[in-house]
Structure formats: structure tokens, C-alpha cells
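To start, the structure itself, in C-alpha cells.
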Amino acid sequence: MMFEQIIEELTEILKTRALSLFGQVVERLVLQSPPRLAMGDLATPMALELARALKQPPRKIAERMVDGMALPNFVQSVTVEGAGYLNFRLDRGSFTISHLAAIMAPALSGGERVIVEHTNINPNKAAHIGHLRNAILGDTLVRCLRWLGNRVETQNYIDDTGVQVADVVVAFEHLLGEGVAQVEARIADPSLRFDYFCWDLYSKMAQYYQDTPNSLEWRRETLHRIEHQEGQTAKMAAVIARAIVGQHIRTMLRLGVEYDLLPKESDIITLHFWDRAFELLKQSDSVIQEKEGKHAGCWVMKLADSAEFEGLEEPDKILVRSNGTVTYVGKDIAYQLWKFGLLDRTFFYRPFTRYSDGRVLWETASHDNPENVDAPHFGGAGRVFNVIDVRQAYLQKVVKEGLRLLGHSREAERSTHFSYEMVALTPATARALGMPVREEDESKNYLEMSGRKGLGVKADDLLDALVSKAAEAVRTGMGEEREVSEEEIGTLGVQIAVAALRYFMLKYGRNKVIAFDFGEALAFEGDSGPYLQYSTVRADNIFRKMAARQVDARLDAHSLNGLTIGKPLGDDLWEIVRLSAETPGAVRRAVDSLELSILTHHLFELGQKFNSFYHKYPILNEPDPDERQRRAVCAEVFRRTMTASLELLGIAVPARM
RNA sequence: GCGCCCAUAGCUCAGCUGGAUAGAGCAACAGCCUCCGAAGCUGUAGGUCGCAUGUUCGAAUCAUGCUGGGCGCACCA
């Protein structure tokens, strides 16, 4: 935070100076770390920009800027370099000592109420790696937003009345001829992975529809019964959805992903959220019923007038079908209104499960119940992030436009679609999964996963593979002299596997399609989560060894008060401190741009600098106590920064590696 | 057809609101474990930043137009 403050003060000083010396108002001022450390710690090309307006050589302007300039705390000097850059250097010693006391301190809580909706997997089959990208992006965003002081509520929306659930119900009833009791028996059967079973069943059903088009009538009937909560069919849908959601929650928990609330579509229907939203939309004239044409009888939202939707061949979006049923977008508009507290009704709640720390994961309910009184206040946030892949960009725009048409343009502005590209499979991976790859697909870089075809890598399968590989690495890496229990190997294996997976999903820009390849996902070297863990464990080991050898690191709170650095830090040491100081800025930039890869990339750079330092500058064997102290401070800065930052990524620091 | 996204080293990607000599990882090659544990480190090699024009003191970054690829544009979600 200190570094950001210095940047702020310096920016202010420079702007004021430009105004008083040259009468120039500088709107935006670039002030960033120069490309090489020799050029100082912060630099601005502002004189180059001013040169045009002032018709003076940039260096001359720079020299006038510098002459007699007052500098903020910790800024030691300013020089003019290159074509006319202003380069600032920090007082390395005093900065390091002050920085150490405040590394990665979270912002004070009490900020804005924010809802992040993510995961949102159809509860009809096992989660796959595409869902993992969603959940990991969402969860990491949540962690960063909280660290920045926001009060965040995490929602995982459950579409328990949709076509996908209906299709599995159809398969159980018509393909297998089973009823609710038999489905419940399958769920209770410990030898069966119910979500895996449904994965296969769902793709069989899709195939059946294709071979026997008449069977689509089953889907229509089933969908209707589910939506109207009729009989055994609706019961079965609820039973299936609940069991699968439970499994999804367990899968995500393996990665450290937790939620606050599971809003269910069935409750949105039962509690007539849509009816209310529909009234509002009709009142505002933003939806009309078509009397003729191909949409005759439908209620549509007219989008032709909005600049956002310019050029669309079909500028109208159907919200209510001619048979009177509401589309998904309609329900989503109602849900989005509720999130902002703009719908004059709300849910009932009941606990779905309890996490190991006692925190309750709530689900919505359609009726009052004894536990409802204990539920916290949900919804009514000031800002909403919907983590949904880019293919739904158009629908998310429609939802946003719905808010705007209802006069809630502020909320529309504060609705953010956190979009990201899909996870696809390389042809090699698809083949490895036993999927026939068509000849025309062979030359492609990647193939889209398909739930209907059963083509995809299941989340738990990938995790299992990662865990066993990590455990194996622990086992072989430990050597014989060390006693490691199987239990500890298990723990370490999971921690390392999760690090590899979370980092893998975060390190790519969100607009990049990830062509999933087992080899790359299983990599523990180089630009990877385990690399960061390893570097941190190394730092921890240094201090553990120090304690064991009775060497006082002199880094406790008391010693730090009187700590002096002595000689200034050399470049290799200082670079670590400066990168550490830049980390909060990296978190902020990552959240502002929704590019979480900014953070992983920054931390990787920090890790590299540390590993390099680790080899070059031994600490325990350094004879000079002052030099040893300087190096220890550096290692301490690193481990505190990395430990706190890994927490933001949902990555644990293992006890050993 | 219209809209959005992508194109940077052999492969996978960084490159922050335009700024100083375009950087990593993997793969390749050459080194480093009696020395805080080699999941590591050091070095070598590898680039017409898809193409063209333009804006600018300055363009991988901005604008326009191309080329190639992906995704959307359902009374599915």
C-alpha cells in the first residue's frame, strides 16, 4: 500500500508543478517502473509529452521540473535521463523497513456489498474442466475483492428446472424405466458415482433424441411437469438436481471453492419473481406482445433502438414464448433485479450444508421454514459480477439492457459480465479420452467439449490425476532419510495438485481459449503453481533452519522497531523488495481489468527473482552479521508477500516439498 | 451477412492507460547438488510482433482496410 501512496503523492506533486511552472494541466500521468533497475524505481515520460505543447526540448522541460522539486517521503532522488524522462529513486533502507511492517495488509472491510455469481453448472451431470475455469476465476475474484475491502456474497445459481435436468429425468423414466425410488437407491449406492452415471446417461439420451426424433415429445412433457411441479417427474428432477449439486459442491471444495448461497430457478418460478419482473417490464413499455409475424403471440424486448445491439439481424429478444412460458433470459432479468434489491420480493432460505469451519451454505426455498430466521440478508448489492463464458455475452447484454429499460441505468452500469473463453480439448487429448476425432478436426488446434456427446475431461478425474502425480513427486523427492507419513503425503499431494490446477486456470488471459492438454496441466515446473509454492517453502526452510541453529533472525516485532539496514540493499535484494511493494497494485489492476493473470504473472516474476537470490546469496552461511541480516530481511519480505498472495489465489503453502 | 474475440521465438503465452534495448515457460544445447533440499539456478541459440496504410517526437500497443482462425446472432440454456 505504501508504494501506491508514494505514486499518488508523486503524481500530485508533478501535476501541480506542471501547472505552476508551465501552466499545463496534465490529465493522466504515466508513472511506472522503468524497464531496468538502473533507471531507478519510478519514471515518467511527462516531459516528452509536454514538449509538444510547450514547443521546448523535452530535456529542458525535465530539468526545470526537477530543479528544486520537493520529494515525498522515501523518495531519495530525481534525475533526468534518456530523451527527457524523470527518474525517481527510493531510499532503499528506510523504505524496506517500513514496507516490512505492512506487507499485503488487507484494506479495511466495510466497503461495498458485492455479489459474485459463478460456477452455475447444470445439475444433471459431473463437472468438467470448463466449469473449473469458471469456478476458479470466480473464487479468485471473490478473494481479491474481499482483500480490497468489499463485502462479497458468492452465489452459485442452480438451473434445476431446465432442459438439461429434464433430459436426464427423461432418460431415467423412459430409457431405464426407473422411478424416484430407484434413482434414490442409485444416489445412495456408494459404489456408484451418480454424477458420472448421469454424464453417460445424458449423452445416451442426446443420441436417442437424434435417432428417434419422436421422443422429443417426452422432453416437452417432462419440462412442463417440472415447471409446474407435477407429480413424480418433478420429484425426480428435484432429487437428481439436489444430489448432483451436492457432488458439485464437494468437487469445488477440493479446490477450496466455497459459496454463500445457492439460488434455485425453481424458487424463482414458485415465488413468481418473473411475474413481478414481467409486470414492471410491461409497465415501462419495454416489452410488447407481437400480434403478427413469426413471433406472433410472443412477448419480446425491442432492442433495435439500442446502440449496443446495432446491426443485429434479429433485434428482438423473446422473453415469453407463444405458449406462455418464460425463457431463461426472462428469469435471469428477474434474478438480476433481485440481486440489486430492485424486485419487491425475496426468497426464503434453508441450510444446504455446513463447511468444516461451521459456515453455512444456504439454499433458497419457496416456503417459510424454522431455519429461515437464521439466514443472513442476501441480495440487494450495489455491484454484481456474473462469471459466465463468452458465448453468453449476447444474453448478458440483454439482461443489462433489461435493467436499463426499467430505468435502472446505474445498476446496469454496475452489472459486470466477467466473460472468459472456453476450455477446449486438443485433438490428442480427445483421442486419449477414446473419442473418435473426425478427419476434418484433426488439423484444428482444439475441439470444443460437448456434454451431449459426453466429450470432456471430468473435473474430479483431472484432480485425481494431479493428486496422484503430486503425491508421487513428494514420495520420490523426499529421499530416504526423511520420515513422511502417508497422511502427510496425501495432504501435500492435494495442496500441490490444487496449486497446479488453480494456477493453470488463472495464468492465461481470459480471452484466450485454453486448449487443454494433460501434459501442460500436469506440469509442476516453470510457470506453475508448484513453482510458487516451492519458492515459498524454501524461504520458510531458511527460517526454520535458523531457529534450529539458534540463529536469531531478528525479525520479530520488537527487533524490527530498531532495525537498520546498514549498507543500502544491492540491486538483487532491492528488486525483491520493490516487486513485493508492487503486489497490491497488481491485485488492484487484476481486479479492475478482470485479468487475474496479471497477478499470477507478477507473482511468478517475484518467485523467479527470489529463487535467483536464493542461489546467489546464502543466508545461514554468511559470516558478516549485517549482510546476513539484510539477506534475511529480503527473504522475509518475500515469504510474507508470497504467503499472503497465494492465499488470494486459493493456493496453500505446503509444510515441505 | 452482422457483432465480439484471437494472431508476438519451434510450441504455450506475458508485454500495465502509446514510452527507454520486445520478455517468460516448455522443448533444444552447454554447465551447476561434500555448499539454506535440483519442483531449483546459470548460460547459448531462437522474433519481418499476421499483412498494408495512417496518427504520433515515439506504435507489439491507437485508427482504418485486408488475411487467417474461433465464438455468437433460437419460441435452448
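Labels below follow one simple rule: chain letters A, B, ... track the order of the sequence lines, proteins then strands, and each chain is numbered from 1. The analysis underlying the following values was restricted to heavy atoms, covering all of them including side chains, and did not include hydrogens, waters or symmetry mates.
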Practice item. With the side chain counted from C-beta on, respond yes when A:F273 and A:K331 share a heavy-atom pair under 4.5 Å apart, and no when they do not. Key: no
Review point. Which one, B:G15, B:A39, B:A77, comes nearest to the side chain of A:A473?
Key: B:A39
Check your understanding: Which whole number of Å gives the distance between the P atom of B:G10 and that of B:U48?
Key -> 8 Å
Point to revise | Base B:C36 paired with A:R538 side chain (donor-acceptor, <3.5 Å) | key: no
Review point. A:K512 has a side chain; which of B:C13, B:A20, B:U17 sits nearest to it?
Key: B:C13
**Study point:** Within-4.5 Å side-chain heavy-atom neighbours: A:N611 and A:F638
**Key:** no
**Study point:** Atom-pair distance (CD on A:Q392; P on B:C5), nearest Å
**Key:** 18 Å
**Study point:** Candidate nucleotides B:C36, B:G72, B:G19, ranked by approach to the side chain of A:N541 - the nearest
**Key:** B:C36
Practice item. Scan for ring-ring contact (aromatic ring centres under 6.0 Å, His included) pairs involving residues 529-548 of chain A, sequence neighbours excluded, and state none if there are none. Key: A:Y531-A:F604
Exercise for review: Hey, can you tell me if A:W274 and A:F278 have their rings parallel, tilted or perpendicular (30° and 60° cut-offs)?
Suggested key: parallel
Review point. Atom CG of A:N87 to atom C1' of B:G19: distance rounded to whole Å?
Key: 12 Å
Practice item. Write down the atom of A:N134, the atom of A:V387, and the distance for their closest heavy-atom approach. Key: ND2-O, 3.0 Å
Exercise for review: List the steps, then state whether salt bridge (Lys or Arg N to Asp or Glu O under 4.0 Å) holds for A:K302 with A:D316.
Suggested key: CA-CA 5 Å; A:K302 289 286 186 188; A:D316 299 336; 3.0 Å; yes
Practice item. For A:G293 and for A:G509, find the nucleotide of RNA chain B with the closest heavy atom, then tell me which residue's nucleotide is more 5'. Key: A:G509
Study note, to complete from the structure: A:E595 CD to B:U17 P, in whole Å, measures 10 Å
Revision key, fill the gap. Taking B:G72, B:C75, B:A20 as options, the one with an atom nearest any side-chain atom of A:C298 is B:C75
Review point. How would you label the contact of A:Y503 with the nucleic acid (heavy atoms, under 4.0 Å): base, sugar-phosphate, or nothing?
Key: nothing
Exercise for review: With the side chain of A:I619 defined as its heavy atoms from C-beta on, choose the nearest nucleotide among B:C36, B:G72, B:A39.
Suggested key: B:C36
Exercise for review: Rounded off to whole Å, could you give me the CZ-to-P distance for the A:R630 and B:C36 pair?
Suggested key: 22 Å
**Study point:** A:S266 and its side-chain contact (heavy atoms from CB on, under 4.5 Å) partner, picked from A:I226, A:D160, A:V165
**Key:** A:D160
Exercise for review: Would you please test A:R631 and A:E627 for salt bridge (Lys or Arg N to Asp or Glu O under 4.0 Å) and show each step?
Suggested key: CA-CA 6 Å; A:R631 293 178 187 178; A:E627 176 60 16; 2.8 Å; yes
Review point. Where the side chain of A:D527 is concerned, which of B:G25, B:C16, B:C13 is the nearest nucleotide?
Key: B:G25
Review point. Counting side-chain heavy atoms from C-beta on, which of B:A20, B:G40, B:U17 comes nearest to A:P34?
Key: B:A20
Exercise for review: For B:G50 versus B:A7, give the span between their P atoms, rounded off to a whole number of Å.
Suggested key: 8 Å
**Study point:** Among B:G40, B:U12, B:C75, the one nearest A:H295 by side-chain distance
**Key:** B:C75
Exercise for review: Please measure how far the P atom in B:C41 lies from the corresponding atom in B:A24, and state the result in whole Å.
Suggested key: 12 Å
Review point. Any idea which of B:U17, B:C36, B:A74 is nearest the A:Q32 side chain?
Key: B:U17
Check your understanding: Hey, which of these two, A:A470 or A:I542, hits RNA chain B nearer its 5' end, going by closest nucleotide?
Key -> A:I542
Check your understanding: In whole Å, what is the span from the CZ atom of A:R28 to the C1' atom of B:C62?
Key -> 11 Å
Exercise for review: Taking atom C1' in both B:A74 and B:G69, compute the distance separating them and give it to the nearest angstrom.
Suggested key: 25 Å
Check your understanding: A:I651 CD1 to B:A39 P: how many Å, rounded?
Key -> 18 Å
Review point. Hey, is B:C33 sitting syn or anti, using the within-90° cutoff around 0?
Key: syn
Check your understanding: Given B:A14, is OP1 or OP2 found less than 4.0 Å from the side-chain N or O atoms of A:H601?
Key -> no
Review point. Does the salt bridge (Lys or Arg N to Asp or Glu O under 4.0 Å) test come out yes or no for A:E520 and A:K507, once each step is laid out?
Key: CA-CA 12 Å; A:E520 275 175 51; A:K507 75 181 208 179; over 6 Å; no
Check your understanding: Hey, is A:Y534 stacking on B:G40? Ring centres under 5.5 Å, planes under 30°.
Key -> no
Review point. If you write RNA chain B from 5' to 3' in dot-bracket form, with Watson-Crick or G-U pairs under 3.5 Å, [ ] for crossing pairs and | for pairs with another strand, what do you get?
Key: (((((((..((((.....[...)))).(((((.......))))).....(((((..]....))))))))))))....
Practice item. Rounded to whole angstrom, note down the C1' distance from B:C73 over to B:C62. Key: 28 Å
Point to revise | RNA chain B contacts made by residues 516-524 of chain A, counting heavy atoms under 4.0 Å | key: A:E520, A:F524
Review point. Near RNA chain B, which residues from residues 604-616 of chain A have a heavy atom under 4.0 Å away?
Key: A:F604, A:Q608, A:N611, A:S612, A:Y614, A:H615
Could you list all N or O pairs between the protein and nucleotides 29-31 of chain B that sit under 3.5 Å apart?
none

**Study point:** Rounded C1' spacing from B:U55 to B:G18 in Å
**Key:** 11 Å
Check your understanding: Using the C1' atom in both, what is the distance from B:U34 to B:A39, to the nearest Å?
Key -> 23 Å
Exercise for review: Among B:C5, B:C13, B:C36, find the nucleotide with the atom closest to the side chain of A:N511.
Suggested key: B:C5
Review point. With no hydrogens and no angle check, is any side-chain donor or acceptor of A:T536 less than 3.5 Å from a backbone partner on A:L532?
Key: yes
Check your understanding: How far does the C1' atom of B:A9 sit from the matching atom of B:A22, given to the nearest Å?
Key -> 11 Å
Review point. Under the 3.5 Å rule, do the base of B:U56 and the side chain of A:R52 count as making a donor-acceptor pair?
Key: no
Check your understanding: For A:N621, what residues pass the side chain to side chain contact (heavy atoms under 4.5 Å, CB included) criterion, not counting sequence neighbours?
Key -> A:R549
